Amino acid sequence: DTSPLVLLRDEVKALLRDLRVTVKAYAQRLEGDLQRSARVLDAAGPADELSREQLHEFREAMMLVRKRKLKPQNGRRKDLRKIDSIIGDLQLLVQSGSSRAD
């Protein structure tokens, strides 16, 4: 049957599959970014060996992450955008703070 109803139903099912693949890839990318940030922090060394500037950068990053206001149970795009933005900012701050050790 090639009625518009059947064709639309098939397209909606295909869109659902695309959604699942896209969400999985997006989540994997964000998780990878967070894991890289965690590795940078692990490699930063003990706090007493860090410069004042580095400690300031890491404190700023900590406040950025701590201040997040999310409602993950609602599954909102707004929260995903916030998480993506926080991760991007976190990477910049963490890399900035760690690069001063070199």
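All of these numbers come straight from a predicted model, not from anything done at the bench.
Partners of L34 by side-chain contact (heavy atoms from CB on, under 4.5 Å), not counting sequence neighbours, listed by chain and number: I87, L90. The side-chain hydrogen bond (donor to acceptor under 3.5 Å, both in side chains) search around R36 returns D33, not counting sequence neighbours. Legend: residues meeting side-chain contact (heavy atoms from CB on, under 4.5 Å) with R81, ordered by chain and number and at least two apart, are R77, K78. The side-chain contact (heavy atoms from CB on, under 4.5 Å) test applied to V21 returns no partner, not counting sequence neighbours.
I83 and V65 fall within a single hydrophobic cluster, where Ile, Leu, Val, Met, Phe, Trp and Tyr side chains are chained together by heavy-atom contacts under 4.5 Å. Using a 4.5 Å cut-off between side-chain heavy atoms of Ile, Leu, Val, Met, Phe, Trp and Tyr, with links allowed through other members, L70 and L80 fall into the same hydrophobic cluster. Hydrophobic cluster membership differs between L92 and L30, with clusters built from Ile, Leu, Val, Met, Phe, Trp and Tyr side chains linked at under 4.5 angstrom.
Within the structure, every pair that satisfies the side-chain hydrogen bond (donor to acceptor under 3.5 Å, both in side chains) test and touches residues 13-27, not counting sequence neighbours, is listed here: Y26-D84. Identified under the side-chain hydrogen bond (donor to acceptor under 3.5 Å, both in side chains) test for residues 58-76, with sequence neighbours left out: R76-D79.
Distance alone, capped at 3.5 Å, places no donor-acceptor pair between the E49 side chain and the P46 backbone.
Once rounded to the nearest 0.5 Å, the distance linking CG of L93 with CD1 of I86 reads 11.5 Å. Distance check, rounded to the nearest 0.5 Å: CD of Q28 to CD of E31 gives 7.0 Å. How far CD of Q95 is from OG of S37: 6.5 Å, rounded to the nearest 0.5 Å.
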- prompt: Given the rule in the side-chain contact (heavy atoms from CB on, under 4.5 Å) test, do V6 and R9 qualify, once you have shown the distances and angles that lead to the verdict?
  reply: CA-CA 5 Å; V6 171; R9 187 173 49 226; 3.6 Å; yes
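Across all non-hydrogen atoms, the minimal contact from A61 to V94 is CB-CG2, 4.4 Å.
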